[in-house]
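Here the structure comes first, spelled out in structure tokens, and everything after it is commentary.
Proteins get letters first, then strands, A, B, ... in listed order; numbering begins at 1 in each.
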Amino acid sequence: MASSATQPVETEWRLPDRGTVGIISLILTEISLFSIFVIAYLFYIGKSLTGPFPKDVLEFPVLATICLLSSSGTIVFAEHALKHRKMAMFKMWWAVTIVLGLVFLYETGVEWHDLIYDKHLTIATNVFGSTFYSLVGLHATHVIVGMTFLLIVFIVTMRGFPIHTQIRRVTFLSWYWHFVDAVWVVVFTVVYIVGR
Amino acid sequence: MTRRLAVLTVVCAELVFAGTAGDHPIENIFRPLSTPAHEISDVSFLAVIICAVIFSVVAGLLTYAIIRYRRRPGDSDAEPPQVYGSNQIEAAWTVIPLLIVFVLIMVSARVIASVQNAKPPANALHATVVGHQWWWEFRYPSLGIVTANELHVPLSDTAHPQPTFLKLESVDVAHSFWVPRLNGKTDVIPNRANDMWIDPHEAGDFIGNCAEYCGTQHANMLIHVIVQPKPDFERWVAEQQLPAVEDPSVAADKQAFLSVSCVNCHTVKGTSASGVFGPDLTHLMSRKYLASGVLSNTPENLRAWIKDPQAIKPGCLMPAMHLTDNELDSVVAYLRTLK
Amino acid sequence: MAEEDTKHDYPDAVDMPAPSFWPMILAFGVTLLLTGIVTNYVVTLVGFVLSARAAVGWWRDVIPHELHEEVPVRHPADWAVPVRTTGRSVASLRVGAAHHRMRIPERVHPYKAGIWGGIAGGIAMAILACIYGQVAHGSIWYPVNLLAATVLPSISQAGETALGQFQLVAFGVAVGVHTITSILVGVLYAVTLPMFPRRAPLWAGFIVPLFWTGLIAATLALTNPALNDHINWIWFIACQIAFGLVAGFVAAKTQRIDTMQNLPFIERAAIESQWSEKPDGKGRQ
Amino acid sequence: MATVDYPLEKSRRQREFSLSEALYSWVATVDHKRLGLMYMTSAIIFFLIAGVMAMVIRAQLIVPENHVVGPQTFNRLFTMHGTTMVFLVGMPIIAGMSNYLIPLMIGARDMAFPRLNAFGYWIFLFGGILLYFSYLGANGLFGAGSAPDVGWFAYAPLTERAFSRGTSTDYWILGILVSGIGSIVSAINVIATTLSMRCKGMKLSRMPLFVWVMVVDAWMVILALPPLTAGQVMLLFDRYLGANFFNTQAGGSAVLWQHFFWIFGHPEVYILIFPAFATVSEVVPVFSRKPIFGRQAMVGAVVAIGFISFGVWAHHMFAVGMAPISNIFFATASFLVAVPTGVKIFNWLATIWGGKIRFATPMLFCVAFIFQFLIAGLTGVMLAVTPFDWQLTDSYFVVAHFHYTLTGSFLFGVFAAIYYWFPKATGKMLSETIGKWHFWLLVIGFHLTFDPQHILGILGMPRRVYTYAPGRGWEPWNMISSIGAAIQAIAIICFAWNVIRALIKGERAGDDPWDAWTLEWTTTSPPPEYNYETDPEVRSSRPLWDLKHPEDPDWKYE
Ligand code: HEA
Ligand code: HEA
Ligand code: CUA
Ligand SMILES: [Cu+2]
């Protein structure tokens with residue numbers, strides 16, 4: 001458009017980073033997905049025709065919750081370390097995050113085992129079972145996905161991949177992880193507090 | 001004045017959609033015969049008028065614009081003036097629709113409340129509608145009657161108002177109860193009790209359809225609402241309350257019927273047939289139609305139906321029973337006595 | 001962009017993302033993964049393997065750096081023809097005016113005026129209506145209840161005496177309905193006053209209220225059957241005119257509006273120029 | 001792959017043709033234009049298939065008690081017709097149009113995530129194929145196979161194992177779920193592209209309305225599609241793991257599915273109409289030779305429609321027996337959509353007003369769009385009058401309403417877009433003569449088909465019936481409707497012929513055949529792989545006006 005060059009076009013031209021926009025949109029979609037499961041859970045509270053009912057079988061997953069929530073902190077430390085090229089610190093915090101996540105998953109596994117085999121609550125038992133396993137399961141699936149990515153990062157880093165070149169992607173991963181954490185707060189409130 | 005306008009429109013409409021066919025006057029939501037249908041028809045009519053006016057104005061302007069502002073041969077190459085907008089007129093055409101919308105909200109709200117919040121008077125008749133894949137069961141708990149596909153209700157004229165309140169239930173999937181001249185639809189949904197009411201002002205046989213897609217034979221899930229003057233209705237009730245007719249001349253046929261597996265699905269009150277999967281047959285002959293409006297109730301049709309229901313209503317839930325001709329004759333003979 | 005250029009200051013090649021079939025394989029894998037549910041778990045297995053492989057392939061495409069393909073730039077002869085820059089004339093909106101581009105009117109900002117006008121008109125109307133209630137039926141609640149009957153079906157079923165009694169719900173509804181309509185009509189007045197042909201007070205005060213009274217009369221049996229049964233048209237029209245006069249007056253007074261009296265309607269509505277058909281051919285200058 | 005081809009003068013076209021290379025170049029492409037065309041082509045093919053299904057539906061209904069197809073087949077036909085049209089025609093057309101045009105319009109080289117873009121296309125296609133595979137595989141590979149027959153909104157509990165045996169419903173779930181991933185992915189891409197890839201000077205306030213509408217559309221997709229996915233996952237759990245979400249025998253709720261579906265479904269219908277809005281907002285100004293009237297209001301209206309449309313879903317459920325207060329709420333919300341939509345209609349009208357209209361085919365389709373969408377919207381408002389809807393819901397009136405919006409508006413808008421941008425995408429002009437035949441036949445066929453259906457609804461004809469008895473006053477209207485459908489088919493054949501003819505021997509288009517104002521017309525037709533040799537810069541919302549009127553550019557006034 002040289003012809004209208006008399007008029008200066010904006011000298012400063014800044015646009016948001018596409019990755020940032022992408023990951024935010026992704027998280028919004030996920031929020032929309034989770035809300036439906038949460039709504040279904042809330043809707044079906046107290047509508048089961050037969051037992052077991054939430055208050056008979058659910059216990060607060062204290063350890064799991066602590067682990068997952070603190071992993072949000074450790075991943076921030078890891079990110080921070082990476083930004084300052086403190087690779088040892090990064091690896092350490094990253095590993096801690098993974099361990100915390102694994103503990104969460106393990107705890108969930110134990111809880112489910114207990115529910116299924118000792119308390120005889122399956123997804124088919126009643127609407128409580130259906131909503132419980134699908135909501136908690138959906139969240140656990142997200143934890144597993146996040147965990148997979150965390151592990152991949154960890155493994156390639158240990159094998160010497162220059163992960164500091166990928167700070168942007170690591171940041172996105174940590175956002176995702178925070179999101180999974182935040183969802184747990186909601187799930188926890190709905191399932192273990194409101195739903196009991 | 002509106003009344004007159006409405007009457008005029010209805011007259012025109014009748015000319016267009018004229019005619020009565022068979023026993024039924026043609027259904028038309030703008031020819032209501034019951035209070036809720038009437039209120040609905042009025043508010044609908046208002047909506048139609050409002051929309052018609054909006055249409056005429058907007059379409060008129062658009063037509064004018066495309067004729068007036070078309071490029072004509074020989075027009076110069078110049079561009080027209082570049083108008084970017086006008087706050088004023090844009091505000092105007094936001095506010096005017098808002099006003100119209102406000103009117104629509106108010107009148108809809110009134111009719112919604114009026115139809116949905118109606119309380120049954122003491123003399124109201126109560127009946128239960130049960131939707132089945134692809135037929136209707138009608139119960140009158142207070143009268144001890146169970147019948148199918150044809151809902152009998154008393155006439156409710158101004159002299160003797162007696163509305164009928166219906167409870168709607170389903171045993172399988174979602175259906176919808178719709179008799180256009182008596183009321184709008186209300187869905188018939190499993191695990192959910194809905195209700196609706198009608199107070200027909202005219203005697204007759206009003207036809208309707210299941211209006212929620214419910215599977216293969218959704219098309220053939222017709223409803224007949226038979227509105228009778230009070231005495232006729234009471235006679236019908238009395239007949240229905242009796243157990244099945246015992247006609248000694250068909251005793252053998254009755255035995256034949258009871259020995260084939262019809263009894264697993266059908267009830268004939270006073271016999272060992274007590275299935276509940278299919279329609280109650282105790283007073284089958286009091287019905288005008290078979291299989292929810294698909295066939296008129298004649299001996300030939302009945303025979304054909306029992307011989308092979310799948311040929312008549314493909315996919316319906318009554319299997320062909322592969323009866324021998326003799327058995328078929330007996331069964332039909334017996335059923336023909338169930339007045 | 002499409003500028004003829006001899007100095008060759010365009011790039012020789014453009015970096016474009018390199019083609020990759022991994023996205024396609026991943027899509028196929030994911031589909032198979034889910035198809036396994038309705039067919040056979042082997043399908044799921046195959047899908048899983050494909051997806052995993054494709055995911056790795058995809059990562060290799062973007063990590064550590066996104067793969068690029070250099071696409072050579074076409075010879076300038078193949079480029080788009082530069083956009084025609086010979087000036088074409090543009091008809092102007094108003095005779096003699098230099099400009100052909102407008103957002104009209106330039107100075108009206110009357111929404112607040114409309115709201116005030118609507119409120120004032122609404123109050124005037126309400127007062128008159130209550131006077132009517134008191135005079136004709138001995139109760140100021142009479143018109144209130146009738147107005148509420150637009151929304152509340154119970155009122156039309158209640159008798160004449162009930163209409164004269166104070167009913168809280170009906171009162172609330174009537175106030176709501178009256179306020180909303182008054183304000184909306186007030187705003188409408190404010191934005192359209194400048195568009196009225198000459199003698200705005202006559203239009204705002206009489207012609208327009210009579211027009212909408214006509215609309216109401218035509219549909220009242222459907223919009224508010226109760227009111228239809230009880231209405232006193234003389235008073236009703238008086239109330240509408242009271243509204244029109246007061247609202248119009250307040251709206252017009254609160255703010256000075258360029259009424260553009262000497263322009264045709266279509267132009268005051270700012271969507272057309274009478275002269276748009278006859279461009280002078282020489283452009284706006 | 002990444003080798004550089006020197007000398008630069010050697011055009012890639014001059015290389016020897018190789019089938020495998022050509023195939024590879026399409027399968028592995030990440031070019032937004034190619035993907036856009038692939039989306040459009042697939043969508044058109046699916047459209048023809050679903051259109052043929054509609055023809056069979058109309059053939060069956062032409063006379064009472066007809067026997068063209070049986071009940072089962074008929075039910076599959078309307079299910080597949082509706083599902084295909086919405087998910088495999090509407091959605092990919094959105095993706096196709098935004099993919100092809102957005103980068104060109106905002107002066108970008110490609111979409112923000114090119115590989116993700118390719119993934120989106122392929123997963124949509126495989127999802128569609130999976131859905132159609134049900135015709136072969138739904139009873140297991142041994143059975144005869146059967147397509148889903150639960151209706152496009154698949155109301156529970158008809159979809160539960162107890163009432164829908166076999167796997168056809170599972171194919172419906174999975175096919176839609178898989179292709180839904182594609183829609184979400186491409187929507188995320190559109191958002192990132194418009195926010196992050198605009199060329200210098202392309203401020204949001206200058207962005208073409210087309211892009212605005214499509215980006216709002218993308219937001220709606222990412223928020224509205226997950227509820228459907230969630231519902232489908234629950235349904236899948238019900239069917240495979242014995243969960244009880246919609247199992248009414250075990251306390252599950254049939255109505256909950258309806259809520260979930262329509263929370264998706266209503267925004268979805270606006271998602272579908274937006275590409276038409278987008279197109280009309282570009283075509284009408286160009287052919288009226290005026291800028292769009294009230295640009296800010298147009299943007300505001302689209303955003304408002306987007307917001308409100310998330311609060312009206314239960315107007316599809318007025319008959320389920322909701323409390324009066326909910327009915328009133330959803331009726332109110334539905335009426336309110338009419339206000340911003342009205343603003344759009346009026347602003348298009350005002351854009352035409354005072355212009356100098358050239359009635360080329362794209363403009364014809366746009367004008368018909370405005371007329372028909374007006375009627376469609378007004379019948380929509382009638383449906384939103386809850387009591388009226390108690391009568392009309394699930395009747396042919398609704399079928400008429402939504403074909404006015406979908407055929408009469410969405411499809412007309414898409415045809416306008418195709419006639420308008422085909423020259424850009426292929427470098428060839430579509431024939432105006434055949435175009436006019438196409439247009440007029442479609443208008444006539446459309447009105448003959450769908451106008452009588454309003455009357456059918458008023459006369460009490462329910463939808464989704466494979467047959468009806470004579471004597472209920474429905475015969476003449478159904479007859480007319482079916483004849484109209486046949487005329488539509490002829491119109492579509494004209495269209496197909498026009499496209500094929502143009503591809504083979506169409507007139508050369510030139511860079512800017514319509515004398516338009518947006519950026520895409522400054523590059524060649526078809527554009528090179530990299531769109532623009534040098535990065536464009538814009539200063540106003542009509543960059544080409546600036547170039548065409550250098551003495552009087554827009555930017556002086558914006
Ligand atoms: C592109 C798709 C599209 C669009 C844009 C719309 C637009 C609208 N629709 Fe429609 N609709 C469908 C597609 C669409 N619909 C489909 C597919 C179904 C059926 C699904 C199924 O059951 O299979 C359906 C069903 C449907 C129903 C349910 C019917 C039923 O099953 O019972 C309702 C009820 O309220 C409704 C209402 C509306 C309204 C109020 C609008 C509004 O957005 C319309 C707004 C526009 C205008 C009003 C016109 C212009 C405005 C003016 C000129 C201003 C002045 C006007 C006034 C003040 C009134 N629609
Ligand atoms: C974008 C959406 C869209 C579009 C464009 C259409 C287009 C058409 N629709 Fe459809 N329709 C729906 C969406 C759409 N429909 C939906 C969502 C439903 C609800 C489904 C349900 O109830 O679940 C429905 C339901 C529906 C019904 C109701 C069925 C019933 O309730 O029983 C009918 C009946 O008339 C119908 C007819 C038509 C017709 C005649 C067209 C015509 O406009 C079609 C024109 C197209 C053609 C005529 C194709 C031309 C083909 C050729 C020329 C052959 C060439 C072929 C090859 C080369 C292979 N549709
Ligand atoms: Cu029962 Cu449709
Ligand atoms: Cu809707």
Pair D:D546, D:S540: side-chain N/O donor-acceptor within cut-off below 3.5 Å: yes

Quick one: which of D:A28, D:G107, D:G175 has the most heavy-atom pairs under 4.5 Å with chain C, could you say? D:A28

With only heavy atoms counted, which part of C:M16 is less than 4.5 Å from chain D, the side chain, the backbone, both or neither? side chain

With under 30° as parallel and over 60° as perpendicular, where do the rings of D:Y171 and D:F133 fit, or are they tilted in between? tilted

Under 4.5 Å from any heavy atom of chain C, what part of D:V27 do you find: side chain, backbone, both or neither? both

Of D:L236, D:L177, D:D515, the largest count of non-hydrogen pairs under 4.5 angstrom with chain C goes to D:D515

If one checks every heavy atom of D:F126 against chain C at 4.5 Å, the contacting part turns out to be both

So with a 6.0 Å cut-off around CZ of C:F28, is the heavy-atom count from everything else above 12? no

Cut-off 4.5 Å, heavy atoms of chain D, and the answer for C:L32 is neither

Which atoms of C:W58 approach chain D - backbone, side chain, both or neither, heavy atom under 4.5 Å: side chain

Looking only at C:I37, C:D15, C:V62, most heavy-atom pairs under 4.5 Å shared with chain D are made by C:I37

Distance-only donor-acceptor check, side chains D:S525 and D:R508, under 3.5 Å: no

Okay, D:P114 and chain C: the region with an atom under 4.5 Å from a heavy atom over there is side chain

May I have the list of side-chain donor-acceptor pairs in residues 40-56 of chain C shorter than 3.5 Å, sequence neighbours left out?
unit_1	atom_1	unit_2	atom_2	d
C:N40	OD1	C:V42	N	3.0
C:T44	OG1	C:L33	O	3.3
C:S51	OG	C:V30	N	3.4
C:S51	OG	C:G47	O	2.6

Is D:R239 close to chain C through its backbone or its side chain, or both, or neither, when contacts mean heavy atoms under 4.5 Å? neither

Keeping the roles fixed (side chain from D:D512, backbone from D:A516), state whether a donor-acceptor pair exists under 3.5 Å. yes

Worked check of salt bridge (charged side-chain N to carboxylate O under 4.0 Å, His left out) between D:D511 and D:K424: CA-CA 7 Å; D:D511 302 337; D:K424 177 54 51 185; 5.4 Å; no

